Q: 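Would you mind keeping the following structure in view while I ask a few things?
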4 protein chains.
Amino acid sequence: MVGTKHARGPVVVDNELGPRALRKAQRPQEILQAAFEEFVERGYTATRIEDVAARAGVTKGTIYLYFQNKEELFQDVVGKLSQPVFDENQFLEQHQHRSCNELVRLFLDTLYEHMTVNPHSREILRFLIADGRSFPTLVSTHFDQFVKPLLTMFDRILQKGVREGVFEIWAEDHISQILISPALTYAIDMLLSADNTKLPELPIYINTHYEMVMRTVRKASV
Amino acid sequence: MVGTKHARGPVVVDNELGPRALRKAQRPQEILQAAFEEFVERGYTATRIEDVAARAGVTKGTIYLYFQNKEELFQDVVGKLSQPVFDENQFLEQHQHRSCNELVRLFLDTLYEHMTVNPHSREILRFLIADGRSFPTLVSTHFDQFVKPLLTMFDRILQKGVREGVFEIWAEDHISQILISPALTYAIDMLLSADNTKLPELPIYINTHYEMVMRTVRKASV
Amino acid sequence: MVGTKHARGPVVVDNELGPRALRKAQRPQEILQAAFEEFVERGYTATRIEDVAARAGVTKGTIYLYFQNKEELFQDVVGKLSQPVFDENQFLEQHQHRSCNELVRLFLDTLYEHMTVNPHSREILRFLIADGRSFPTLVSTHFDQFVKPLLTMFDRILQKGVREGVFEIWAEDHISQILISPALTYAIDMLLSADNTKLPELPIYINTHYEMVMRTVRKASV
Amino acid sequence: MVGTKHARGPVVVDNELGPRALRKAQRPQEILQAAFEEFVERGYTATRIEDVAARAGVTKGTIYLYFQNKEELFQDVVGKLSQPVFDENQFLEQHQHRSCNELVRLFLDTLYEHMTVNPHSREILRFLIADGRSFPTLVSTHFDQFVKPLLTMFDRILQKGVREGVFEIWAEDHISQILISPALTYAIDMLLSADNTKLPELPIYINTHYEMVMRTVRKASV
DNA sequence: GATGAATGAGTCTTCATTCAT
DNA sequence: TATGAATGAAGACTCATTCAT
């Protein structure tokens, strides 16, 4: 028998597996996604393993085949469902021919696109705020993996602009963090609004954000 | 000493109330504060009424003399411990002689001061993000009472600047929200960092924020 | 000061007492009555002392001035609110000139009247059935005080009839109990029917009961 | 022995179900019976779910696998443990050759037998009297299902007697109810007497009851 | 006497986790 | 592997009882 039993783990599903084995190989992902959705709806403590199971189409016991306990399940949800906003290496190279203004615009567009389209990124922020105190490693891990790269990349764009003589840095520190802030505000707005009707209209909001950044960093023309 | 029979407990007794009555008058506040601290540490669901009671120096039953149930207790914590950042009517009048630049600076200083000194304001944000979905009214109420006035006031400062010819508004909308964003970012940072060692140094951060605002709204000198 | 303080107990209120003292002298009765009503509505276990107090127009603590605890209160309700159906000594003497048929009729009329008018008698039956197992003395005491005299009196009427040659006793035993049974049935009916619309019409019911008795005990005319 | 793997517990395992499935199939009945006994001993409010569980040989949690809550458990006890006294259709047919006198006797014998042997029937009466006010549907449902058929059947016996010229109906209404009353009295007696020593001796009691009925309905011979 | 704030034992109910099948 | 019956620790909430005022 080829490639069937005991073929599990964080596996990229290959074409060898039969449908049952395929199913099995996907289980962890399915459970993670189901858990994510339940955690989003009710928060960590109020989420019941049984509901996660039901949503994943399995039963309670099965959860425990793949995850030690509820705590580990939660940590894995946060740790494994996050997606980096950028493929760090590619972004700058891929767009090196662009002007710095365009890079800023592209950065913002990509950031808002990611936040808006992908519920994981913003909801995991909710998890960290809500339950981070109970999972201390999670917060710093997540910051290092997802936030810091973002700030670094924005910094590099700014520095590129400085080198090219179109931007100027006028402050001691925290510039990237401050200039990106409106995106966080938008994310929080999304987390807080039950119906999205009250949210700012995104294109306008991005425009204003972009203008703010440009007016802030643009080098005063001599 | 007048009218202080049998004063006992850690309470300073005043002349109007017997110790019993006094305690009763203070209990709700004491319980709210204790509840606040527990909710901060563990989140709504994971907080046990008994722990709130212990922290308030009473027993389970006493909580229920003052609050219908855990849910109401939570709502009251959010609803009654919030303090507005500004006394809206006074701020502008009191400082009408100031320049608009100074007003912006004063606004930011006050805002950060409030956020930093007063744990209620930022922690209640945590509650809203963590459990707002279970308490829908809470979110909108809180927004109307505390956030909207802030945005409005900042708007008025900007408009004053425009009238006086020192500021210019260059964007369609959401300007105040975007310009204030860094303060929210700082609040979230505080919520996420277990030890405050990793936080940005506040004076520098405020400076950068202030500079960002000024560069953004300053009217291009002719 | 005349006849005021400490004048309480199961006292027949005399004219000496001032209004406050009067109040006090009546308290136990008022509490008993309030307790009775609450016990009727909710049953022993589900009745809360505080509700009894509220209904009696006093506060929790006051109940404990007059009754040791909830159990004693309940026992006193059952023990002190029952009223005998007949003044045993008077009934037969007062009506000695009546025919035996008339006595039977009078007996039944009085019995149903009592049961119908006075909620105590039938509701205490409910207490005994519901909670008698927890208060063993109560049941036998009540039986001896209220049921046995009833049976005895009916027996005496029957025997009078036999002596006068109009009734005949045709059975070994339990005759009175069996002949009175329909009254108990009616009482139970009242206890069970939420709205009294479904109850038998009382005059007709009594007639039928009376006829049953007469046909049963009437001596076969020679 | 066939198909009885790992049989354990006090249960006789049959061949169709595994021990696990079997237990599950039997659990509800076992719990109902245990609950019945506890409710009988203490009454609805004073009965603790944990005691029911212990008596059923399971733990608290298990109760909630089969019943929503205590209230539903109680309703099911009342609703599912009652047994009709007669198989309505069969009784009259099966005994059509009997004389009406014999039918009456048979009716009474069956009724008392049922009441005496089967604790459910009389104890459920206790539940209805004690807690019926909190479960209004229960009372009327029970009356329709168990009491009304009884009265109807007795009516039919009487009418048969009338048709055959041996009985006469001499009253406007409620005759069956009144003639059956002594059985209710006996049931109440059983509910009230802690030890059954004080109860009437059943055979004599039934005799007297029977005589009462016969003297009441027998047609005066011409 | 009367009050009612405070207590804390007691009870229902939930749910993470285990384990026999 | 997968199931889901069973467990029992834990937590919200109630209420008889006490006692300082």
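Keep in mind it's a predicted model, so treat the numbers as computed, not measured. In the text below, chain A, chain B and the rest are named by the order of the sequence lines, each starting its count at 1.
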Q: Could you give the CZ-to-P distance, from D:Phe67 to E:dT14, as a whole number of Å?
A: 15 Å
Q: Write down the distance between CD (B:Gln26) and P (E:dA6), rounded to a whole number of angstrom.
A: 11 Å
Q: Mind grabbing the angle between the end helix axes of the helix from E:dA2-F:dT21 to E:dT21-F:dA2? Five pairs an end, 10° rounding.
A: 0°
Q: How about B:Phe74 and B:Phe127: are their ring centroids closer than 6.0 Å?
A: yes
Q: Taking atom types as modelled, is there a side-chain donor on A:Ser82 or A:His120 under 3.5 Å from an acceptor on the other?
A: no
Q: Which listed nucleotide (F:dT17, E:dT17, F:dC13) is nearest to the side chain of C:Lys60?
A: F:dT17
Q: Roughly how many Å is it from CG in B:Leu65 to P in E:dT7, rounded to a whole number?
A: 9 Å
Q: Just jot down the salt bridge (charged side-chain N to carboxylate O under 4.0 Å, His left out) partners of A:Asp131, sequence neighbours excluded, or say none.
A: none
Q: Starting at atom CD1 of A:Ile31, determine the distance to atom P of F:dT1, rounded to an integer number of angstrom.
A: 12 Å
Q: Measure from CD on D:Glu71 to P on E:dT11 and round the result to the nearest Å.
A: 18 Å
Q: Just how far, in rounded Å, is P of F:dG4 from CZ of D:Arg27?
A: 17 Å
Q: Within this structure, what is the CD-to-C1' distance between A:Glu72 and E:dT17, rounded to whole angstrom?
A: 14 Å
Q: By the side-chain hydrogen bond (donor to acceptor under 3.5 Å, both in side chains) test, which pairs, at least two apart or in different chains, include something from residues 62-75 of chain D?
A: none
Q: Quick test of your reading: applying side-chain hydrogen bond (donor to acceptor under 3.5 Å, both in side chains), list the pairs with at least one residue in residues 37-49 of chain B, sequence neighbours left out, ordered by first then second residue.
A: B:Gln33-B:Glu37, B:Glu37-B:Arg55, B:Glu38-B:Arg42, B:Glu38-B:Arg55, B:Glu41-B:Arg55, B:Arg48-B:Asp51
Q: F:dA12 phosphate, OP1 or OP2: any side-chain N/O from B:Lys70 under 4.0 angstrom?
A: yes
Q: Return whichever of B:Val58 or A:Gln68 has its heavy-atom-nearest nucleotide of DNA chain E closer to the 5' end.
A: B:Val58
Q: Would you please name every residue forming a salt bridge (charged side-chain N to carboxylate O under 4.0 Å, His left out) with C:Arg133, sequence neighbours left out?
A: none
Q: By side-chain contact (heavy atoms from CB on, under 4.5 Å), which residues pair with A:Ala130, not counting sequence neighbours?
A: B:Ala130
Q: Can you check the C:Ile63 CD1 to E:dA2 P distance for me, whole Å?
A: 11 Å
Q: For DNA chain F, find the residues of residues 36-55 of chain C with a heavy-atom distance under 4.0 Å and give them by number; none if there aren't any.
A: C:Thr47, C:Arg48, C:Ile49
Q: From the list E:dT13, E:dT17, E:dA6, which nucleotide is the closest neighbour of the side chain of D:Tyr64?
A: E:dT13
